[in-house]
Amino acid sequence: MRHTQSHRLGTNNATVTDKQKSVHFRFDGKEYIGFEGDTLASALLAHGVHLIGRSFKYHRPRGIFGSGSEEPNALIRVIKGATAEPNLRATQIEIYDGLIAESQNRFPNLKFDLLSVNNLFSRFFPAGFYYKTFMWPSTFWMVYEKFIRRAAGLGKISKRHLEQNRYEHKYAHCELLVVGGGAAGLQAAVIAAQTGIRVIIADEQHKFGGWLLTDNNFNIDERPAINWVHDTVKKLQSAPNVTCLNRTTVFAAMDDNFTIMAERVTEHLANQPAHLPKQRLWKIRAEKVIMATGAIERPLVFSGNDLPGIMLSSAIRSYIKRHEVLPGTRIIVFTNNDDAYFTALAIYEAGGFIRCIIDLRKNPKSQIITTIRKLGIEIKTGHAVITAHGTRHIASVDIAAYDCEIQAPISDISHMDCNLLAVSGGLNPVVHLHSQRKGKLIWDDRTLCYRPNNSSVQWVSVGSANGTFQLTKVLNEATKTTSIIISKIAKHYKISKTEETINGPKSDDSKQNWAPTPAWLINSGQPHLSEKTAFVDFQNDSTAADIKLAVREGYHSVEHLKRYTTTGMATDQGKTSNINAIGILAESLNKSVAQTGITTFRPPYTPTSLGLIAGRNIGSLFDPLRKTRMHGWHQSKGAKFENVGQWIRAWYYPQEGEEFHQAVNREVYATRHYAGLIDASTLGKIEVKGPDAGEFLNRVYTNNFANLPIGKARYGLMLKEDGMVFDDGVTTRLAEDHFFMTTTTGGAAAVLAWLEELLQTEWQDLKVYLTSVTEQWSVASISGPNSSAILEACMSEDQNITDDFPFMTMKNTFIAGIPSRIFRISFTGEMAFEINVPARYGLALWSHLMQVGKEYNLTAYGTEAMHVLRAEKGFIIVGQETDGTVTPYDLGMDWIVSKKKSDFIGKRALERESMNEPQRKQLVGLLTTDPQKVIPEGAHAVLNPNQDTPMEMLGHVSSSYYSPNLKHSIAMALLKGGFNRKGQIVYIPMLNGEQPIKAKIVDPIFFDKKGDRLHG
Amino acid sequence: MLRIKCPFCGYRNESEFSCGGEAHIARPSAAVSDKLTDSTFSEYLFMRENPKGVFLERWCHTSGCRRWFNVARDTVTHQIYEIYPAGKTPKTTIGKKAYQVNWRRKSKAEVASKYLKRTPK
Ligand SMILES: [Zn+2]
């Protein structure tokens, strides 16, 4: 059964909704009919549906409250295909045929919610609840967590969301960005457009016009206002230099007018075209920004003010004018200003029944009030709504004469029934973007609002965003301000006579002398009772009582109050609540609002989906992946891979039926006994060239490089200026002025950047050029007793490797016809050769070596075997044995620190007293008592495992493996005063009640201590 | 996100750059630093200025031309007053003043550096 649209008007003057086109949709399982142009909110209100969610903490029933992005209550989950998106505002969701929407935060259903018992126990959730609850000991977390998580259900995300929805990013540049397409924004854009500069105008609603879609009973420029809107939009859309973006929210204003906006491209469509994204993120760099973001009405704070059926006065007017929906039949209007009288007029003209207008002001006078009086509508001035009553919907209100000066009711209470209450507490200019740019705000005591100080040359606020509320003034301000700002971009531009003034409405006097009366909190006479249900922030469920409690507990700064009570910290960022909270705080402190201050608004203005921020940078596009030229071979052999920085490297090559350890042990054993081949292409490679190259390397390495003969290679250790190890690698002299440097795989980019920095900023006198050639070379490193025989078999010339090719030298030759640079260097302790070929020959070289190596038992090994092989030899890996706090001395590498060189980076720092402290952590080896037990890497060592916790740590294990060659577990560790502890026993305590591992401190070179194997 | 004018590439987004912190920290050569106490040397090694207001700092166009240059920037407003080459001192009045008022101009490490030949070969 489809419900009838009982609250839809019979007329045909809606400015947004098109009654010719019906739309079918579902909400909480029920089918409804609306019209094209309806939001979910207007369509539901047309059916008399107000109740749309349960509140966050107390699960109180909540209804539609506003009509735009300020909506605090109506958070909705929209289901589309296999995915669902939570926390969308019903006031912004455009309905389409087949839309499926659900309410949130209710269990099991909206009308009967089990957790609403929270409501009865509201003393459990006072201000600062989270701070008071989640204190040490942490075990209390466990008690509360389950309960809190269940209670705090703000929507559910679907796990497959990003598979089914596409988001895009787009960059744009313009001279002028106009934020907001209401009266001020349209006027600003149209003035700017005629100068030919690039203009972008964005509005978060699907139709341009802003409040002119609601308030339009007058002429602009001798035309009906609505026609002026249509003509202006048409003019802008046809201008080649203007980009008009509707459904687009500017949510972040950053430095130098870098402005970010979210365009909802296809969310409003029943069938999403495949070529279009769901949303588009615009990153705009604008020369100037005009913020014409309008103003948002704030509610009045009184007991029971959160009941469904209580709505912002301007929102009700909006639903009448835009959608021809009148969401109540017996209506009361409660106000402290003139604007609500226009709502009354709209209700009257729509045929609605107004019980009465309650005005806090004693003696308000204006043309609109006279008009309303003449219509015979009762106005109770100097009165207030003290309390609203109802269970799931407002049913009645308590009214009393009220004195705003003494802040108390001054008469007996009378009772009045109603089913809709319009509240109006004044206007808040939307200053969020101005505030995001660190713009200052000024409190205006007459208009009761914070407005921007407009002191920047990069951006300016106009219209009601600037605290200018009267329409004619708004239009003229937009014209003038835009002209001034454009004259700074387009120098030739002069204001023409015709643009100077624009004829706005004369009849609109509601904001002529705009001066609402301040009434931040309506006192019922029994504040200890009423303040607990006088809601300030609907979405976070914080009340006037919470604010007063926070003040009593000493939270007097707005920033503290906000965090302690969480007021304004919900997804609506306090659009309707902030100023009321500040007003109540100010009154409690006996200060003025101006003295109390305001919190800083931060991006995003409206909640923004993480998918939109990620855009296309997801999955395989999240981060670049670097593969070597031999990658395909590794893959075809079933290699397992590991990530090393952005590189993906072969980790080990399991053969049929082999586990990780079996494969690694086989690879390690084969390399020591026959020969092993590893893909070392990922090593960082830097060409260092220039007449001062030798001198430069002398300064960046701890050892001497200036005296390195041509064709010779040398291992070097690089420090940062604080004396800590930064990188290591082998550098070879190719010519007098030409070196070939290698770095660690992970450190390559940082080393290049560091060396460039030194050359450009510190040693500008040195003539040295650096070029990264990491990707220009493919490298295969062959190790083991058979390596020289394999190499000889591959070389084109007849050569005796052992005689012609001494250790630590380089040779240019051909392997299988491929021009190669071969370095005789070793990271395994075996006789080894690093063969570098132009990158594109990588796979050919590798395949050839494996082919020839077959009869020599050549085995491909991965990074894990490499780690074991080097650990057997006690070779360090920078980043594993070092962590930025380790000096060469701590590693026992004194031999590499030159005593003769006059200077090198880190030299003076190494001489600091503390660097030679004997209790520094020093690198040692560990041999476990149980040879099969491998210590977990990162584990800590202690001398006595039976001491009380927290134990005194001796240091940590940096590398730990099972060595198949020694048939023993081996480890390296950094232990306090380790050099002098050799022979001592340490214990490594384990988790989960396991016995501590016992190990002996030894020298970190476990295998071939003399290094004989290097020479075959 | 700031818009920074690289002296070599023109205006680019801040995300293309990396900030290298305080500019004009002369590295004392070993001949100088050997004569400095540990605590005086630490002025050079560790101490960095963090002013509220105009700051002379180093930037590198990391994702562009990879060149370093100096910037006089207000740390509160992000206004950039001057962009000038690495190894040079500022030319604007605001930049010159920021250079002069920095405590480092009187630090022992920097004063000592001025009297001795820097980084001898
Ligand atoms: Zn550049």
Side-chain angles (χ1 to χ4, degrees), chain A residues 171 173 252-260 283-287 437-439 455-458 692 694-696 698-699 706 720-724 749 752-766 770-772 898 901-915, chain B residues 1-5 8 11-15 18 20-42 44-46 57-63 65-70 73-74 76-80 85-88 109 113 116-121:
Chain A
Y171 287 86
H173 299 261
M254 329 273 267
D255 291 306
D256 288 336
N257 283 346
F258 188 73
T259 316
I260 310 180
K283 301 179 185 182
I284 297 178
R285 186 70 82 170
E287 184 89 29
R437 290 291 321 262
K438 298 193 195 94
S455 68
S456 170
V457 294
Q458 290 191 345
D692 296 320
E695 168 62 21
F696 176 63
N698 244 16
R699 293 186 194 179
K720 275 290 180 96
E721 194 67 306
D722 60 2
M724 303 302 159
L752 183 70
W754 168 235
L755 298 182
E756 272 291 347
E757 181 180 338
L758 288 170
L759 282 173
Q760 289 183 37
T761 67
E762 202 57 56
W763 298 319
Q764 293 179 323
D765 53 323
L766 291 186
L770 305 173
T771 309
S772 165
S898 166
K901 282 200 297 184
S902 62
D903 198 2
F904 60 85
I905 295 285
K907 181 173 194 286
R908 174 62 184 83
L910 279 182
E911 290 160 10
R912 285 177 296 162
E913 217 181 306
S914 52
M915 294 301 102
Chain B
M1 178 159 35
L2 300 180
R3 201 168 64 130
I4 299 169
K5 191 177 183 183
F8 307 96
Y11 281 109
R12 298 297 171 97
N13 278 344
E14 182 187 346
S15 52
S18 46
E22 186 179 343
H24 309 298
I25 305 174
R27 177 178 187 270
S29 68
V32 173
S33 60
D34 282 350
K35 295 185 177 59
L36 301 174
T37 63
D38 279 4
S39 86
T40 313
F41 181 67
S42 74
Y44 155 72
L45 192 56
F46 295 122
E57 58 192 5
R58 308 177 312 145
W59 284 79
C60 179
H61 194 188
T62 328
S63 305
C65 62
R66 293 203 343 226
R67 304 308 293 175
W68 284 85
F69 54 92
N70 289 331
R73 178 182 65 100
D74 191 305
V76 179
T77 61
H78 290 320
Q79 190 178 341
I80 290 172
K88 296 278 192 298
S113 297
L116 281 160
K117 203 176 141 219
R118 289 178 60 201
T119 48
K121 292 192 180 178

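Below, chain A is the first sequence line, B the second, and so on; all start at residue 1.
Taking all atoms of both residues into account, the shortest heavy-atom contact from B:A30 to A:S902 is CB-O, 2.9 Å. Nearest heavy-atom pair, B:T37 versus A:R908, reported as atom, atom and distance to 0.1 Å: C-NH2, 3.4 Å. Among all heavy-atom pairs drawn from A:T761 and B:A86, the shortest one is CG2-CB, 4.4 Å.
With a 4.5 Å cut-off on side-chain heavy atoms, B:W68 and A:E757 count as touching. Between B:L45 and A:R912, some side-chain heavy-atom pair lies under the 4.5 Å cut-off. Side-chain contact between A:E911 and B:D34 is present, with heavy atoms from C-beta onward closer than 4.5 Å. Side-chain contact between B:E14 and A:D256: absent, with no pair of heavy atoms (C-beta onward) separated by less than 4.5 Å.
Legend: residues meeting salt bridge (Lys or Arg N to Asp or Glu O under 4.0 Å) with A:E721, ordered by chain and number and at least two apart, are B:R27.
In this structure, chain A has no heavy atom under 4.5 Å from any part of B:F69. Of the atoms belonging to A:E913, heavy atoms from both backbone and side chain fall under 4.5 Å from chain B. For a residue to count as touching a neighbouring chain, one of its non-hydrogen atoms must lie under 4.5 Å from one of that chain's; by this rule B:N13 touches chain A with backbone and side chain alike. Only the side chain of A:R285 comes within less than 4.5 Å of a heavy atom in chain B; its backbone stays farther off. Contact annotation for A:A252: neither backbone nor side-chain heavy atoms come within less than 4.5 Å of a heavy atom of chain B. For A:I905, the parts lying under 4.5 angstrom from a heavy atom of chain B are both the backbone and the side chain. Within the 4.5 angstrom heavy-atom criterion, only side-chain atoms of B:R58, from C-beta onward, approach chain A.
Per-residue heavy-atom pair counts under 4.5 Å with chain B were compared for A:M254, A:K901, A:E756, and the maximum is reached by A:E756.
Taking a 6.0 Å sphere around OH of A:Y171, one finds it holds 12 or fewer heavy atoms contributed by other residues, nucleotides or ligands.
Side-chain atoms of A:D255 do not come within 3.5 Å of backbone N or O of B:H78 as any donor-acceptor pair.
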